[in-house]
Amino acid sequence: MLVNEQYIVRNNTGVWLKYIVLIGYGVLFLLLTATLFAQINLGLADNGDFTRAMAVFTSRPLHIKPNWPNRQTQEELWNRRFFNFYIPDWKLDFPEPFSLSRPFKSSAYLLWVLGVVLNQIAYSGSILNLGVMSIPSRLVLLLVVGLVFGYILQTTKPLEALILLFSCGLPMVFLLLSPYSFYLNSFYYESAALVFSIWFLFSIVLIRHLKINVSIKILIAFVLSFLVGTTKASQFWWPVVCGFSLLFILKRMGIQKKIVIIMCAILLTIIAHLVTLPDNYTSMINAYNRIFFGFLTLSSDPKAHLDRMELSDLVSCIGVMPYTLKGNQCFAITSSKLSLYITLDILAREPVILLRGLVSATESMQIISLYYLGILAESDPRTPFTGSHYYPWQSQVWLALKSLLPKGIMLLVTLFIGVLICAFALAQFRDIRADFGIVGTTAGVATVIDIIVEFLGDGFYEIIKHLFVANLMFDIMVICATSIALLSLITWISVKIMPY
């Protein structure tokens, strides 16, 4: 009799809990939607990178001429153009036709073209507003969040869904309302990396459950990973991560399909690298940053490396940033001598530099607010009172949480433990914990790869901005590992302590 009474009570509680959970996820989604569009007037100032990306659509800001003011003779104009203020309006004059032969190609153009078309239809045919241009990206992000929420509600019990509301839903919303989303109103390629990487991670969950042909599953995953891999040059490695994930998900495949996956991963990685190659000048700048603002700063004997490069008298250039008076002088002298061979030679003679670079770069993790770039427009009514670096409270929530996460060695330890939890869940469970397992494991692996690639690509130059994807993937891994741990705890409690 007592057992029956307990069953009735739990059944009634479950019905109420189901409605509470539905309301909770609905409120969260409405909060995300409302705030994501309320923040449509927040963006990022140009650090000088816009010009190489925007020329397909615009030649300059609407109210600033020329596009690149002279810093010495037009200092006030230069300060308005770069770093200090988000610029929402630009001339829509299509100065440069898109060409497959141009450098700095990116899958970001797929999202931007949709935004430009919307801008022409709903806003203006001669003025490009970055907020309007970002609407397709915002809608695509909302769609994937809606699908994630729906998937959770469909595949979990009410109590599990309630746990995930706080361990996954709430963090996911505040993550997307954080400074990550400010990139959407810019010509930075990171905006597309945000959108496509989240879609790719969700796709590998769907692939585990969709009752479709295996070849189609492989195609979906590789297409999305290629979109991430072609956002910018430093993300070319994503098809390899995709192949790694597919081998885990589709482990019962025959050896032939596994070979196909490996070959596709390698081929698409090579293509992504070739598609996103920068121009020669940028490649030389990257080489300078890599060696003089990266490798040599961590070397036990930098003088020996300089001697082999026949640059013995340039010890003073070590640690000097480019785009400064001293940096420009150093770059002019060294640019013709910093070949790929030099990079490989330094690493071959002192491989510990790679490990030191990984650890040193992680000291710059957990910082996603670029305080040297304004996020408010000069004309924004808040600017005179708050300055152009104002952050709304919704964005400050994730910034506060990020400040609690570890850096350096402890970050690598946390990463190891998190990936271990996720890999264990993938191997041992058959419920939603396995889904969190594959996403968390993939995100954890991507975190390490991105940190290493960013260091090898550009040294410590603008390392905080360059670790955008690494930070995003680390955050997602933490969300997944935490969700797995809490779900496992609730499952244990329900089995051991409340068996009825």
Side-chain angles (χ1 to χ4, degrees), residues 47-49 51-52 68 70-72 82-83 103-104 232-237 273-274 276-365 367 370 372 407-409 411-412 448-467 470:
N47 69 348
D49 287 349
T51 299
R52 66 193 186 195
W68 204 288
N70 187 297
R71 192 173 188 178
Q72 278 69 45
F82 297 108
F83 293 101
F104 303 112
K232 57 185 297 188
S234 62
Q235 302 301 313
F236 70 93
W237 44 269
H273 173 66
L274 295 175
T276 56
L277 279 176
D279 58 27
N280 291 333
Y281 177 78
T282 304
S283 296
M284 290 189 291
I285 285 285
N286 294 153
Y288 173 84
N289 289 335
R290 181 188 313 130
I291 293 172
F292 279 90
F293 206 62
F295 292 3
L296 296 182
T297 64
L298 302 175
S299 174
S300 301
D301 190 6
K303 183 68 165 57
H305 295 301
L306 288 174
D307 289 342
R308 281 189 294 274
M309 287 187 278
E310 299 180 353
L311 296 171
S312 305
D313 55 342
L314 293 183
V315 174
S316 62
C317 290
I318 297 174
V320 176
M321 289 177 58
Y323 308 116
T324 61
L325 181 60
K326 175 70 173 176
N328 288 337
Q329 294 171 350
C330 293
F331 174 71
I333 298 170
T334 63
S335 59
S336 62
K337 298 186 178 183
L338 303 181
S339 62
L340 177 61
Y341 170 79
I342 294 295
T343 298
L344 297 176
D345 181 66
I346 293 174
L347 288 178
R349 293 176 185 274
E350 201 173 355
V352 72
I353 286 176
L354 189 58
L355 179 60
R356 290 172 181 168
L358 173 63
V359 175
S360 296
T362 57
E363 294 291 347
S364 297
M365 287 283 286
I367 305 171
L370 301 177
Y372 59 92
K407 300 180 181 182
I409 293 293
L411 180 142
L412 295 175
V448 176
I449 294 175
D450 191 54
I451 294 172
I452 293 173
V453 170
E454 298 297 351
F455 169 70
L456 290 177
D458 219 14
F460 295 117
Y461 181 71
E462 272 199 312
I463 189 66
I464 293 174
K465 179 176 178 291
H466 290 168
L467 291 177

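This is a predicted model, so every value here is computed, not measured.
- Here Phe82 pairs with Trp68, Trp78 under the ring pair (Phe, Tyr, Trp, His ring centres under 6.0 Å) rule; sequence neighbours left out.
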> Step by step, would you call Phe292 with Leu311 a side-chain contact (heavy atoms from CB on, under 4.5 Å)?
Replying inline: CA-CA 11 Å; Phe292 279 90; Leu311 296 171; 4.3 Å; yes

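- Taking every heavy atom of both residues into account, Leu298 and Ser360 meet most closely at CD2-OG, 3.7 Å.
- Put simply, the residue from Thr362, Leu467, Ile353, Asp450 that forms a side chain to side chain contact (heavy atoms under 4.5 Å, CB included) with Phe455 is Ile353.
- Between Val320 and Gln329 the shortest side-chain heavy-atom distance does not fall below 4.5 Å.
- Of all heavy-atom pairs spanning Ala470 and Ile451, the tightest one is CB-CG1, 3.8 Å.
- Atoms CD1 and CD1, from Ile291 and Ile342 in turn, are 6.5 Å apart once rounded to the nearest 0.5 Å.
- Closest approach of Tyr288 to Thr334, counting heavy atoms only: CD1-OG1, 3.5 Å.
- Note on ring orientation: taking the six-membered ring where Trp is involved, the planes of Phe83 and Tyr372 are tilted (angle from 30° to 60°).
- Here the side chains of Met309 and Leu314 are not in contact, with every heavy-atom distance at 4.5 Å or above.
- Taking the side chain as every heavy atom from C-beta outward, Asp49 and Lys232 never approach each other to under 4.5 Å.
- Taking CZ of Arg290 as the reference point, atom OG of Ser283 lies at 8.5 Å (rounded to 0.5 Å).
- Rounding to the nearest 0.5 Å places NE2 of His466 at 12.0 Å from OG of Ser364.
- Screening Asp307, Val315, Ile318 for a side chain to side chain contact (heavy atoms under 4.5 Å, CB included) with Pro302, the sole residue that qualifies is Ile318.
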> Run the side-chain contact (heavy atoms from CB on, under 4.5 Å) check on Ile452 and Val448 step by step: do they pass?
Replying inline: CA-CA 6 Å; Ile452 293 173; Val448 176; 3.9 Å; yes

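- Distance check, rounded to the nearest 0.5 Å: CE of Met284 to NZ of Lys337 gives 14.5 Å.
- Listed by first and then second residue, the salt bridge (Lys or Arg N to Asp or Glu O under 4.0 Å) pairs involving residues 354-364 are Glu350-Arg356 (not counting sequence neighbours).
- Phe295 has its side chain within reach of Leu347: a pair of non-hydrogen atoms, C-beta onward, lies under 4.5 Å apart.
- For the atom pair CE of Met365 and CD1 of Ile463, the computed distance is 10.0 Å after rounding to the nearest 0.5 Å.
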> Run the side-chain contact (heavy atoms from CB on, under 4.5 Å) check on Leu274 and Phe236 step by step: do they pass?
Replying inline: CA-CA 9 Å; Leu274 295 175; Phe236 70 93; over 6 Å; no

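- Minimum heavy-atom separation, Tyr461 to Tyr323: OH-CD1, 3.3 Å.
- Distance check, rounded to the nearest 0.5 Å: CG of Leu306 to CG of Asp313 gives 9.0 Å.
- One N or O on the side chain of Ser335 and one on the backbone of Phe331 form a donor-acceptor pair closer than 3.5 Å.
- At least one side-chain heavy atom of Asn286 sits less than 4.5 Å from a side-chain heavy atom of Pro278.
- Counted within 6.0 Å of CG on Asn70, heavy atoms from surrounding residues, nucleotides or ligands total more than 12; the atom is thus considered enclosed.
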